[in-house]
Amino acid sequence: MDDAFLKPYNPAETEQRIYELWEQSGMFNPDNLPDAETRKPYTIVMPPPNANGDLHAGHALFITLEDILIRYKRMQGYRALWIPGADHAGFETQVVYEKKLEKEGRSRFKMQPKELYDEIYAFTLENKKNMEEQMRKLGASCDWSREKFTLDGDIVQRVQDTFIKMYEDNLVYRGKRTVNWCPKHQTSLSDVETVGMEETAPLYYFKYGPFTIATARPETKFGDKYVVMHPDDVRYKKWKHGQQINLEWINGPITATVIKDEAIDPEFGTGVMTITPWHDVTDFEIAKRHNLPFEQIIDWRGKLMPVAKEFEGMKILSARPEIIKKLTEKGLVVKIDEQYQHVAKRCYKCNTFIEPQVKDQWFVKMASLAQMALEAVNEKQVRFIPDNYEKIFRYWMENTLDWNISRQIVWGIPIPAWFKNRGTDKEESVVSHTRPEGDEWESDTDTFDTWFSSGQWPLLVTGYPDGKDYTTYYPTDVMETGNDLIFKWIPRMIIFGLYLGKKVPFHTVYLHGLVNDAHGKKMSKSKGNVISPITITEKYGTDALRMALVVGNTPGTNLSLNPDKVKGYKHFSNKLWNITRFILERTQEVDDDIILNEKDASIWEEMRAHTTEVTKHMENFSIHLAAEKLYHFTWHRLADEIIEESKPILEENNADTARSRSALLRRMLDQTLRLLHPFMPFITEEIWQKMKHKKEPMLMSAQWINTMETE
RNA sequence: GGGCGCUUAGCUCAGUUGGCUAGAGCAACUCGUUUACACCGAGUAGGUCAGAGGUUCAAGUCCUCUAGCGCCCACCA
């Protein structure tokens, strides 16, 4: 027996050494596994973490879950491939970097785009390297030789190809539409990048000629020349559609036109409103229906434009009270309802109020694509774990709007488009990798929404359309990711998978919840309750952390992570260590094929039943139950009962019973290590190495069930 | 306004298609051992499974309602 067993298990001394052993074996690359060609492929694509900081507990959870699945399948004889990656995370990273610039007293608006891009690139690569090291510490058995970064040259090329293809297929169009504009970040955002926050704000009632109109945004009303009501509203029956009225407004007399439109809710306010098509989606739709002109009132920085006359240049929020003051003086304020509750959209990163703006952007037509995804799910080509997420997916696909994929930031994949007379009525555009003939063409300075590239991730990392991996490993098997991505990411991957690859990109979606603190509260820097997985690992060992993340963690629900729980599994590591010590120290080395006596055979039968049950849980994706079962059986059955009752048996003079029991315990240890390996890879491999196993030199690539001994 | 989920021992949570005399970890208490392990062992205590009604031979598990909590979505200005 190795002397190391005389001391408690020391993860700090072990883990790096074991990881290097695995990495040097080359077995993370499934093509190096024995008989790789005959093995059935099993693929997981890692959700590429944003390369802009340290790994957090959520990362540790997904790495653990995916590593468990991959190690399990590898041991089951699959050609198990786990493809790692890193996401440049466009807007996310740029925001992180802008904060850094701000601290240094700099601003991206004072930098050349190229300069900014290069700086963020360096910053991201550094973070990427750091993240990879941290993933290794967590035991990730992914194939680093296949690692991909969303800004790799080939990836960029493919993403642009997709855009061009979609344009040619008439699924992408250039449109002047209302976008969510963040005045601080100076970019448009998709709907999922905004958050609606409930707030109480005043609702103002103004006299508008013969009408009273209600609005929450008086500062947008300067240019309003159309007054709208529902066609069936009897109160306004006498006003005809198209009728013109002269009235006194904020900056003097104007001529307004009556419009009848069904978008108006007669129940709300007075049932009459004026429209500001440039700064409101509903108004925009009404204006389009009736062919009305639109005018920009608020500029890209959130300041009033010349139409506001004396208010020009003022920020909207500071202008508001001034405007109310003027309207009051003119006797145009009817009343103010101070308790008006509504939802206002804000930028999900800086909380700035989103200013709807009309802008030329690239849009993806979603209706037919979403329909395709919906059908695939209806046909059970994709299943969700837990299954209630299928409903959420459905809802999302049934209510999808066209997707704005243009972002006005440098950190991202450039949109391959060219313009002539950009921003004028004579604008022309060409979609192509290369500049069209003629000097007057300028390139699109916008970049793609991150989800446009990450939505294609399973295809991109397997080398769509002609890569070798694409034919072998696509479609992949499981997509394991956070439950918040059920509408941000999962649908887009299914859509691109079907559109480009003609197949769903994965058959199973496994969703995990958040990792919260010990009391179920969300971790945040400001609350000071952040648990760093790397710190925990250094204190208790990676195996302990992995168990703590997995046991009792039902799919789809949040987990409360208590350091005491991790400590408990550190104790378990040591228990396993000492089980090994006992068995190696007290049992004899016996032939593998020895016949067990009746008593021992029945215990072995129990072990086999245990193995079957754990396997069943794994097949059901009940990883939490498999882990708990393993813990319980190993400690409270094997250690507390079987080993205890073995002590006198092994001491007995009867050589046959002692030999049978020795064989039993050694087999049980062997099988226990196999079963625990996906969950606790480091300690199990360390023990395996010290046992100098002859036929299978490495536990990582050993078989899940020791078939020879189960005969 | 719509949707989803949760409510089980002091705390954090399991409980797969209804069969439970309801479990685990941590915490508590009692005793023990230091010859695999004190990062230990044996044991004790602790729950009307949120509440009410229903289906069933049988309900923590299915249905309805009520209360509380959480999350997500939403172009009524």
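Note that these values count all heavy atoms, side chains included, but never hydrogens, waters or copies made by symmetry. Lettering follows sequence order; numbering is per chain, from 1. Computed from a prediction, not measured in an experiment: that's the story for all the values here.
A distance of about 7 Å separates the C1' atoms of B:A27 and B:C11, rounded to the whole Å. Between B:A14 and B:U8, the two C1' atoms lie 10 Å apart (nearest whole Å). Going from the C1' atom of B:C69 to that of B:A77 covers 33 Å, rounded to whole Å. Distance noted for atom P between B:G51 and B:G10: 14 Å (whole Å). Taking atom C1' on both B:U17 and B:U21, the two are 23 Å apart, rounded to the nearest angstrom. Comparing the same atom, C1', in B:A42 and in B:A50 gives a spacing of 36 Å after rounding to whole Å. Separating the P atom of B:C6 from that of B:C63 is a span of 11 Å, rounded to the nearest Å. The gap from the P atom of B:U12 to that of B:G54 amounts to 33 Å, rounded to the nearest Å.
In this structure, A:Ser573 contributes its side chain and A:Tyr569 its backbone to a donor-acceptor pair below 3.5 Å. Using modelled atom types, one side-chain atom of A:Asn558 and one backbone atom of A:Leu514 make a donor-acceptor pair closer than 3.5 Å.
Sorted by residue number, the members of residues 637-650 of chain A with any non-hydrogen atom under 4.0 Å from RNA chain B read A:Ala639, A:Asp640, A:Ile643, A:Glu644, A:Lys647. Proximity of residues 479-495 of chain A to RNA chain B (heavy atom under 4.0 angstrom from any strand atom) is restricted to A:Phe487.
Ring geometry for A:His610 versus A:Phe633: interplanar angle under 30°, hence parallel rather than tilted (30 to 60°). Under the 30°/60° scheme for interplanar angles, the aromatic rings of A:Tyr631 and A:His636 are found to stand perpendicular. Note on ring orientation: taking the six-membered ring where Trp is involved, the planes of A:Phe62 and A:His512 are parallel (angle under 30°, cut-offs 30° and 60°).
The side chain of A:Ser560 places an N or O atom within less than 4.0 Å of a non-bridging phosphate oxygen (OP1 or OP2) of B:C13. Side-chain nitrogen and oxygen atoms of A:Thr557 include at least one within less than 4.0 Å of the OP1 or OP2 phosphate oxygen of B:A14.
With B:C37, B:A77, B:G15 as the choices, the nucleotide that has an atom nearest any side-chain atom of A:Asn574 turns out to be B:C37. In the set B:A77, B:C73, B:C37, B:A77 carries the atom at the smallest distance from any side-chain atom of A:Ala214. In this structure, the nucleotide among B:C39, B:A14, B:C37 sitting nearest to the side chain of A:Arg581 is B:C37. Side-chain atoms of A:Pro8 lie closest to B:C39 of the nucleotides B:C39, B:G5, B:A74. Considering only side-chain atoms of A:Asn388, the nucleotide from B:G15, B:A77, B:C4 that sits closest is B:C4. Minimum atom distance to the side chain of A:Asp191 is reached by B:A74, of the listed B:C73, B:C13, B:A74. Considering only side-chain atoms of A:His624, the nucleotide from B:C75, B:A14, B:A77 that sits closest is B:A14.
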Test log, rule side chain to side chain contact (heavy atoms under 4.5 Å, CB included), inputs A:Glu686 and A:Glu15: CA-CA 9 Å; A:Glu686 171 76 346; A:Glu15 293 180 357; over 6 Å; no
After noting the C-alpha distance and the side-chain angles of A:Gln341 and A:Glu199, does the key distance pass the side chain to side chain donor-acceptor pair (under 3.5 Å) rule? CA-CA 6 Å; A:Gln341 290 208 348; A:Glu199 57 176 32; over 6 Å; no
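No side-chain N or O of A:Ser560 forms a donor-acceptor pair with one of A:Asn516 less than 3.5 Å apart. A:Thr535 and A:Glu538 are not linked by any side-chain donor-acceptor pair at a separation below 3.5 angstrom, with hydrogens and angles left out of the test. Of the N and O atoms on the side chains of A:Asn404 and A:Asp449, not one donor lies less than 3.5 Å from an acceptor on the other residue. Side-chain contact, A:Tyr205 with A:Asp337: no donor N or O sits under 3.5 Å from an acceptor N or O. Checked by atom type, the side-chain pair A:Gln361/A:Ser188 shows a donor-acceptor distance below 3.5 Å. Using modelled atom types and a 3.5 Å distance limit, the side chains of A:Asn529 and A:Lys521 yield no donor-acceptor pair.
We find that CG of A:Asn620 is positioned 14 Å from C1' of B:G15, with the value rounded to whole Å. In this structure, A:Asn399 places its CG atom 14 Å from C1' of B:G1, rounding to the nearest Å. Note: CD (A:Glu390) to P (B:C72) measures 22 Å, nearest angstrom. Between A:Arg394 atom CZ and B:C72 atom P there is a gap of 23 Å when expressed in whole angstrom units. Remark: C1' of B:C71 and CG of A:Asn516 are 11 Å apart, rounded to the nearest angstrom. Atom CD of A:Glu267 is separated from atom C1' of B:A77 by 15 Å (rounded to the nearest Å). The distance between atom OH of A:Tyr395 and atom C1' of B:C73, rounded to the nearest whole Å, is 6 Å. Summarising the geometry, the separation between CG on A:Asn553 and P on B:G15 is reported as 11 Å, rounded to the nearest angstrom.
For A:Leu559 and A:Phe582, each mapped to the nucleotide of RNA chain B holding its nearest heavy atom, the one lying further toward the 5' end belongs to A:Leu559. Each of A:Thr194 and A:Ala263 was matched to the nucleotide of RNA chain B holding its nearest heavy atom; the match closer to the 5' end belongs to A:Thr194.
Nucleic acid contact class of A:Gly271 (heavy atoms, under 4.0 Å, all strands): base. Within 4.0 Å (heavy atoms only), A:Val551 reaches no atom of the nucleic acid at all. Across all strands, A:Ile264 comes closer than 4.0 Å to base atoms (heavy-atom distances). Across all strands, A:Thr554 comes closer than 4.0 Å only to sugar-phosphate atoms, never to a base (heavy-atom distances). Within the nucleic acid shown, A:Tyr204 has no heavy atom closer than 4.0 Å to any nucleic acid atom. Using a 4.0 Å heavy-atom distance criterion, A:Ser573 is classed as making no nucleic acid contact. Using a 4.0 Å heavy-atom criterion, one finds that A:Trp577 contacts no nucleic acid atom at all.
In this structure, B:C62 forms a base pair with B:G54, meeting either the Watson-Crick or the G-U wobble geometry with both donor-acceptor distances under 3.5 Å. The base-pairing partner of B:A9, taking Watson-Crick or G-U wobble contacts with both distances under 3.5 Å, does not exist among the strands shown. Across all strands shown, B:C73 is found opposite B:G1 as a Watson-Crick or G-U wobble partner, with both distances under 3.5 Å. Pairing partner, B:C31: B:G41, with both Watson-Crick or wobble hydrogen-bond distances short of 3.5 Å. In this structure, B:U16 forms no base pair with any nucleotide, since neither Watson-Crick nor G-U wobble geometry is met with both distances under 3.5 Å. Shown here, B:U48 forms no base pair; nothing in the strands shown gives a Watson-Crick or G-U wobble contact with both key distances under 3.5 Å.
Ring-centre distance between A:Phe487 and A:Phe393: not below the 6.0 Å cut-off. Ring centers of A:Phe284 and A:Trp278: at least 6.0 Å apart, outside the cut-off. For A:Trp249 and A:Phe222, the ring centers are positioned 6.0 Å apart or more.
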At under 4.0 Å between heavy atoms, which parts of nucleotides 22-29 of chain B does protein reach? Answer with one letter per nucleotide, 5' to 3': B base, S sugar-phosphate only, - none. --SS----
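Contact annotation: side chain of A:Lys575 to base of B:C37, donor-acceptor pair present below 3.5 Å.
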